[in-house]
Amino acid sequence: MTIQEEIRALAAAKKAVILAHNYTRGEVQDVADYTGDSLELARKAASVEAETIVFCGVYFMAETAAILNPDKTVLIPDASAGCPMADMITGAQVRELKAKYPGAKAVCYVNSTAEVKAECDMCVTSGNAERVMKTFAPDEKILFVPDQHLGGHIAGLLGRDYTLWPGYCPTHQMITPTAIAEARAAHPGAPVLVHPECAKPVRDAADHALSTGGMCAFARETTTKEILVGTEVGILHRLRKENPEKTFYPIVERMVCPNMKKTTLENLRDCLKNGETIVTVPEEIATRAKRAVEAMLAIA
Ligand code: 13P
Ligand code: SF4
């Protein structure tokens with residue numbers, strides 16, 4: 001039996017569904033039931049019937065699945081797979097920020113801890129942030145945490161002025177406008193896609209700032225044959241698999257999120273076999289965090 005067959009047999013025996021983020025290793029994406037961006041996986045986690053959800057991605061994603069499914073078992077193959085951006089703000093810091101701006105609405109990017117979500121009025125993902133943020137009145141005071149770049153991107157699109165927490169993604173810091181210019185010179189005419197977690201000069205130098213799910217949709221719909229991709233390189237596996245007639249070039253090959261690579265076929269198999277590590281969120285935090293996540297899912 002191959003390790004892939006072993007994983008599928010264990011998933012069937014344990015009535016488990018395997019969800020994998022678009023940045024995980026190609027072989028992990030291939031063995032999963034569903035692959036997607038944070039929004040697609042949160043939606044899937046909210047609707048699956050399986051008794052167990054195995055989340056191949058980073059910890060906040062598994063936590064979101066646990067928040068939405070208090071009666072299900074959520075497992076993560078490597079519990080040390082964190083997101084440095086999510087760890088750039090604590091619940092106490094959100095409380096301090098809210099105390100400084102009474103009456104303001106606190107909005108968190110889904111890349112945040114359950115404790116931070118519990119302090120917020122609304123959650124967004126990169127795939128729905130514009131749509132969700134449009135539902136706030138233009139004069140509403142918004143505190144956006146933790147990603148300054150996604151927050152700045154949406155504020156710019158909607159012509160609003162948010163108070164931005166200075167968090168950022170170390171992986172998306174690796175791309176520069178110069179790298180984009182060089183990639184354009186090497187592949188003239190190819191559209192440039194970047195993630196909204198990239199800094200403003202990078203977004204300005206690109207053609208589109210899209211979630212990973214948005215990039216997959218763009219690649220499907222475009223008639224262009226060559227596409228330049230400025231995000232974590234794990235996405236290339238799915239882009240190439242779904243669009244074999246098109247060519248995708250990473251703008252920066254070393255744009256790797258080490259935490260997204262922590263899930264391997266071996267630890268995924270062991271996780272299913274041993275039922276570890278279970279992701280739990282204390283009930284009091286989960287109940288409050290769920291409000292922000294469900295408010296988002298109800299809009300988008
Ligand atoms: P997406 O929701 O676009 O997949 O982004 C998740 C993420 O962690 C980006 O760094
Ligand atoms: Fe976090 Fe960046 Fe990795 Fe996404 S790519 S999980 S934001 S560190």
Side-chain angles (χ1 to χ4, degrees), residues 19-25 28-29 32 34-46 55-65 76-89 108-113 116-117 123-132 144-154 165-175 193-199 202-203 206 208-219 229-239 242 250-263 293 296-297 300:
L19 307 183
H21 187 267
N22 289 328
Y23 292 160
T24 54
R25 294 169 188 271
V28 170
Q29 296 186 33
Y34 301 100
T35 302
D37 68 6
S38 309
L39 176 60
E40 291 160 341
L41 296 179
R43 279 208 190 111
K44 199 42 91 182
F55 213 110
C56 305
V58 291
Y59 202 83
F60 76 80
M61 297 180 173
E63 245 183 7
T64 307
I76 189 164
D78 184 334
S80 75
C83 167
M85 181 208 283
D87 293 332
M88 287 179 188
I89 188 164
C108 59
Y109 186 21
V110 71
N111 295 36
S112 54
T113 61
V116 164
K117 288 185 178 76
C123 181
V124 298
T125 73
S126 56
N128 66 16
E130 187 181 357
R131 212 163 352 138
V132 172
F144 194 99
V145 306
D147 188 13
Q148 59 181 305
H149 300 306
L150 176 68
H153 177 59
I154 303 300
W165 189 259
Y168 62 89
C169 164
T171 301
H172 285 88
Q173 294 272 95
M174 293 178 188
I175 182 167
L193 314 183
V194 298
H195 197 274
E197 286 175 16
C198 297
V202 171
R203 299 194 310 270
H208 305 280
L210 298 168
S211 70
T212 61
M215 290 182 188
C216 293
F218 179 94
V229 182
T231 190
E232 211 278 349
V233 293
I235 186 73
L236 292 161
H237 176 77
R238 182 165 165 201
L239 290 171
E242 291 181 351
I251 297 171
V252 178
E253 289 210 42
R254 61 185 176 86
M255 257 176 104
V256 174
C257 171
N259 289 290
M260 285 285 185
K261 302 300 181 243
K262 285 187 177 171
T263 304
V293 178
M296 165 186 89
L297 293 175

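One-based numbering, in listed order, for ligands and for the atoms of each. Just so we're clear, the structure is a prediction, and the values are computed from it rather than from any experiment.
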Nearest candidate to atom 8 (O) of ligand 1, where distance is taken over non-hydrogen atoms, out of Thr171, Asn259, Asn111: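 Answer by nearest heavy atom: Asn111.
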Of the listed options His21, Glu197, Met85, closest to atom 9 (C) of ligand 1 (non-hydrogen atoms):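 Of the listed residues, Glu197 has the closest heavy atom.
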How far is [atom] from its nearest protein heavy atom, and which residue and atom name does that atom have?
atom                    : value
atom 4 (Fe) of ligand 2 : Asn111 ND2, 3.9 Å
atom 3 (Fe) of ligand 2 : Cys257 SG, 2.4 Å
atom 1 (Fe) of ligand 2 : Cys83 SG, 2.4 Å

CG-OG1 distance between Leu210 and Thr212, expressed to the nearest 0.5 angstrom: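 It comes to 10.0 Å.
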Approximate separation, where rounding is to 0.5 Å, of Tyr109 OH and Cys83 SG: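 Between atom OH of Tyr109 and atom SG of Cys83 there are 8.0 Å.
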Looking at every non-hydrogen atom in both residues, tell me the closest pair between [X] and [Y] and how far apart they are.
X      : Y      : result
Ala79  : Tyr59  : O-CD1, 3.7 Å
Pro77  : Phe55  : CD-O, 3.3 Å
Val256 : Lys261 : CG1-CG, 3.8 Å
Thr24  : Gln29  : O-NE2, 2.8 Å
Pro196 : Ala209 : CD-C, 4.1 Å
Arg203 : Val194 : CA-CG2, 4.1 Å

Relative to the heavy atoms of [X], which atoms of ligand 2 are at a distance of less than 4.0 Å?
X      : result
Glu197 : 2 (Fe), 7 (S)
Cys169 : 2 (Fe), 5 (S), 7 (S), 8 (S)
Pro84  : 8 (S)

Mode of Thr212 contact toward ligand 1 - side chain, backbone, both, neither (heavy atoms, under 4.0 Å):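 Within the 4.0 Å criterion, Thr212 contacts ligand 1 through backbone and side-chain atoms alike.
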His195, portion touching ligand 1 at heavy-atom distance under 4.0 Å: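 Just the side chain.
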Stepwise side-chain contact (heavy atoms from CB on, under 4.5 Å) test for Cys216 and Ile235: CA-CA 9 Å; Cys216 293; Ile235 186 73; 3.9 Å; yes
Short side-chain donor-acceptor distance under 3.5 Å, Tyr23 and Thr231: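 A donor-acceptor contact under 3.5 Å links the two side chains.
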Enumerated ligand 1 atoms positioned under 4.0 Å from heavy atoms of Ser211: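 Heavy-atom distances to Ser211 below 4.0 Å select 3 (O).
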Contact atoms of ligand 1, heavy-atom distance to Tyr23 under 4.0 Å: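 Checking each atom against Tyr23, I get 7 (C), 9 (C), 10 (O).
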Ligand 1 N/O within reach of Ser38 N/O, cut-off under 3.5 Å: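 Indeed, backbone or side chain, Ser38 has an N or O that close.
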Nitrogen or oxygen of Asp37 less than 3.5 angstrom from that of ligand 1: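 No, there is no polar N/O contact under 3.5 Å.
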Residue-ligand contact His172/ligand 1, heavy atom below 4.0 Å: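 Yes.
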Close approach of Ser126 to ligand 1, heavy atoms, under 4.0 angstrom: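 Judged by the 4.0 Å heavy-atom criterion, Ser126 does count as contacting ligand 1.
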